[in-house]
S.K.: 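Right, I'll just put the structure down here and ask away after.
Numbers restart at 1 for each chain; the letters A, B, ... are given by sequence-line order, proteins then strands.
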2 protein chains.
Amino acid sequence: MMGTIRDINMSAANAPTAPLPSGQGIAADLIAVLVAVTESEPLVLTIQDERALPSGPFELAHRSLQSGLRAWVERQTRLPLGYVEQLYTFADRDRGGAEQQVISISYLGLTREQRAAGEFVATWRSWYVYFPWEDHRVGAPAMIETVILPRLRAWAEALPASSLRHDRWQRAAITFGFDGRAWNEELVLQRYELLYEAGLIAEAERNGPLSPARSLAANDSSPSMGRAMILDHRRILATGIARLRAKIKYHPVVFELMPETFTLLQLQRCVEALAGRLVHKQNFRRLIEQQELVEETGETSQDTGGRPAKLFRFRREVFTERAIVGTKLPISRA
Amino acid sequence: MMGTIRDINMSAANAPTAPLPSGQGIAADLIAVLVAVTESEPLVLTIQDERALPSGPFELAHRSLQSGLRAWVERQTRLPLGYVEQLYTFADRDRGGAEQQVISISYLGLTREQRAAGEFVATWRSWYVYFPWEDHRVGAPAMIETVILPRLRAWAEALPASSLRHDRWQRAAITFGFDGRAWNEELVLQRYELLYEAGLIAEAERNGPLSPARSLAANDSSPSMGRAMILDHRRILATGIARLRAKIKYHPVVFELMPETFTLLQLQRCVEALAGRLVHKQNFRRLIEQQELVEETGETSQDTGGRPAKLFRFRREVFTERAIVGTKLPISRA
DNA sequence: TGCGTAATGCTCATATGGAGTATAAGACTA
DNA sequence: TAGTCTTATACTCCATATGAGCATTACGCA
């Protein structure tokens with residue numbers, strides 16, 4: 001599913017080409033979305049004036065891609081990677097130079113620490129700098145109403161056929177929760193793709209006009225539409241955020257972002273930072289405790305501002321105790 | 001997470017190597033897991049005497065990997081691909097020849113038709129031929145009790161330390177549902193990896209001994225352990241099955257495998273074929289209907305063997321009507 | 001001592017999912 | 001033609017999960 005929209009739009013640039021003469025090869029890059037959470041802010045590691053994700057060539061020294069990325073990140077940043085997961089591999093022709101094709105393999109990595117160390121200059125940045133419309137913790141950001149909604153409406157209205165206008169607007173309404181629909185925090189990538197298609201994202205301009213409809217839309221990517229990145233790094237970041245937001249709901253990966261011991265509120269704030277929305281405190285505690293994901297350390301934290309909170313630690317045994325997955329079909333357990 | 005187990009085992013073979021001299025490149029392959037379902041059997045397209053998944057070099061003629069795979073499959077097999085999804089990219093060093101590194105990008109594709117046509121000889125085969133322990137539709141296969149259980153127990157007992165023995169056995173118990181645990185049909189890959197590690201899979205022998213513990217285990221991969229495949233194609237197939245079994249629970253992809261019109265029982269049998277277990281008929285219908293995934297055609301099918309069944313068709317509108325995802329966190333809807 | 005801020009305990013209504021009962025409508029057969 | 005087999009289809013029941021709110025407790029601080 002991913003990339004479908006972009007594919008369609010770029011089909012104009014699709015000319016038949018001969019396969020590569022064998023003997024010549026393709027270059028492979030690793031691109032990392034490294035995430036940490038500090039003081040209720042979800043951070044992503046960036047380089048190049050905060051306009052790029054860390055990346056590097058895939059070296060054959062490694063026995064697998066996964067270990068290649070891990071070694072490379074830990075050498076460059078001195079960060080211990082708690083959790084690593086492959087995101088997506090792409091090789092769109094419009095990326096990079098024309099002479100050699102580059103395959104990019106992107107990874108999501110979670111870490112506890114976030115001191116900027118290592119061989120190159122890297123900066124931790126809140127990912128909401130790149131996606132200001134994604135943070136709904138204090139309500140929907142005003143810019144959705146004032147900036148995004150009118151432009152997407154104009155973009156939809158720019159179509160000739162009524163049914164197509166309707167489809168476009170419905171897509172916008174679903175992804176952004178217009179017309180009284182609920183906000184769905186997992187649709188990070190879909191929202192980015194939609195804005196890209198509508199010409200509201202700075203990166204879209206660099207790749208030339210997408211379609212005639214584009215020029216009809218409000219075709220300026222204002223600074224309020226988030227910080228731009230090189231190539232399609234922002235799309236990769238969107239993929240990582242979407243994956244992480246989905247993952248925390250059925251797999252205990254949040255704990256890879258937490259210190260050794262923590263209060264339940266700290267844990268909650270971490271989840272909220274990632275999800276970009278608030279959760280019901282009592283129900284959150286109930287969920288965590290009934291799943292026996294944590295155990296008390298016996299100590300309490302005084303610096304809560306109110307009543308002292310018990311400190312907990314993650315029960316790593318859960319990984320060996322049970323397989324953690326979800327279910328939705330009416331499958332008989334007999 | 002994926003591949004972690006294998007990674008650990010092969011760390012003995014991990015020698016530091018210089019990065020490739022720039023200028024030379026890497027070869028990229030596409031590998032396809034193509035699935036169809038006919039008469040309650042989940043089929044996968046195979047080549048080379050049913051011992052390989054269809055694969056081919058990634059050609060630069062395509063604007064993206066996705067379209068590259070689609071074009072290539074449709075040209076080779078003349079099958080219309082309804083749904084395509086990237087599975088995983090890997091580049092383990094022990095695959096293929098040593099002279100050139102190959103990156104393999106695997107895809108899952110769903111199709112309705114299954115006539116063997118196209119430029120090369122391909123065969124549709126039930127995927128349970130490769131994973132006989134995965135079909136629980138008529139109860140757990142006897143070979144789990146008679147073959148797998150005793151060998152995994154021996155494999156666990158072969159360890160010196162009691163705690164390690166316990167860990168191994170617990171892993172086996174979780175993935176295969178021993179000791180009164182429930183069977184989890186999504187753990188296809190975990191089960192394959194476990195059997196591989198325990199030396200019960202023919203493919204493991206080709207890659208040399210994994211660890212000293214291996215020789216202590218019942219180290220013969222009997223024919224009852226399923227048909228072997230070249231390289232790690234069987235692992236890729238396991239990945240595809242696992243992904244599909246998980247996906248059908250929250251995304252309406254089953255319909256890509258169904259004919260235009262179908263009865264609810266046909267749909268149920270298709271789901272059961274994929275999941276490898278039975279579902280409660282009445283609840284299945286309730287679920288399908290309350291989600292408004294299908295609409296009546298007005299006609300009925302007589303060849304049910306009993307009371308004629310209404311024919312339904314998939315409501316493609318659901319894709320534009322709503323975003324289809326799941327939720328598990330206590331997220332406020334206010 | 002009173003207030004602000006959290007932690008923590010408990011209740012309640014509703015939604016969801018697993019499982020069973022009952023009835024309907026065809027084909028087939030004695 | 002009645003009886004039987006098979007499948008479709010309509011409901012009911014119950015346990016549990018989930019969303020939401022109320023009440024109480026416990027600390028720092030003015």
S.K.: With no angle test and no hydrogens, is the base of dT21(C) tied to the side chain of Q282(B) by a donor-acceptor pair under 3.5 Å?
M.R.: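 Checked by distance alone, the answer is yes.
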S.K.: Using only modelled atom types and a 3.5 angstrom limit, is any donor from either the side chain of H280(A) or the base of dG21(D) paired with an acceptor on the other?
M.R.: yes
S.K.: Could you tell me whether E299(B) atom CD has more than 12 heavy atoms of other residues or ligands within 6.0 Å of it?
M.R.: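 Count not over threshold, so no.
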S.K.: Which heavy-atom pair separates I236(B) from L87(B) by the least distance, and what is that distance?
M.R.: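 The pair with the smallest heavy-atom distance is O-CD1, 4.2 Å.
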S.K.: Under 4.0 Å from OP1 or OP2 of dA8(D): is there any side-chain N or O of K281(B) that close?
M.R.: yes
S.K.: For the pair made of CZ in F284(B) and C1' in dA8(D), what is the distance, rounded to whole Å?
M.R.: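 Result: 14 Å.
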S.K.: Between P on dA7(C) and CD on E289(A), what's the gap in Å once rounded to a whole number?
M.R.: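 In whole Å, dA7(C) P and E289(A) CD are 12 Å from each other.
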S.K.: Would you say Y107(B)'s side chain and Y88(B)'s backbone share a donor-acceptor pair under 3.5 angstrom?
M.R.: no
S.K.: Return the minimal non-hydrogen interatomic distance between R245(B) and L274(B), and the atom names on each side.
M.R.: NE-O, 2.6 Å
S.K.: Mind checking if L264(A) touches a base, just sugar-phosphate, or nothing, with heavy atoms under 4.0 Å?
M.R.: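 Result for L264(A) = nothing.
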S.K.: For A309(A) and for R286(A), find the nucleotide of DNA chain C with the closest heavy atom, then tell me which residue's nucleotide is more 5'.
M.R.: A309(A)
S.K.: Look at the side chain of N283(B) against the base of dG18(C) and say whether a donor-acceptor pair falls under 3.5 Å; ignore hydrogens and angles.
M.R.: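 Indeed there is one.
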S.K.: Counting side-chain heavy atoms from C-beta on, which of dG17(C), dT18(D), dT8(C) comes nearest to R307(A)?
M.R.: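 Among dG17(C), dT18(D), dT8(C), the one nearest the side chain of R307(A) is dT8(C).
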S.K.: Over how many whole Å does the gap from F262(B) atom CZ to dT7(D) atom P extend?
M.R.: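 About 20 Å, once rounded to whole Å.
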S.K.: Do E85(B) and Y83(B) get their side chains close enough for a donor-acceptor pair, meaning under 3.5 Å?
M.R.: yes
S.K.: When you measure from the side-chain N and O atoms of R285(A) to the phosphate of dT8(C), is any distance below 4.0 Å, counting only OP1 and OP2?
M.R.: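 For R285(A), the contact criterion (side-chain N or O under 4.0 Å from OP1 or OP2 of dT8(C)) is met.
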S.K.: Specify the separation, in whole Å, of atom CD of E296(A) and atom C1' of dT8(C).
M.R.: 11 Å
S.K.: Rounded to the nearest angstrom, tell me the gap between atom CD in Q290(A) and atom C1' in dT8(C).
M.R.: 16 Å
S.K.: Specify the separation, in whole Å, of atom CG of L311(B) and atom P of dT7(D).
M.R.: 17 Å
S.K.: Which whole-number value in Å describes the distance from K310(A) NZ to dT8(C) C1'?
M.R.: 8 Å
S.K.: Send over the distance from I288(B) CD1 to dG17(C) C1', rounded to a whole Å.
M.R.: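 About 14 Å, once rounded to whole Å.
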S.K.: Choosing from dA6(C), dA25(C), dC11(D), which nucleotide comes nearest the side chain of P308(B)?
M.R.: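 Closest nucleotide among those given: dA25(C).
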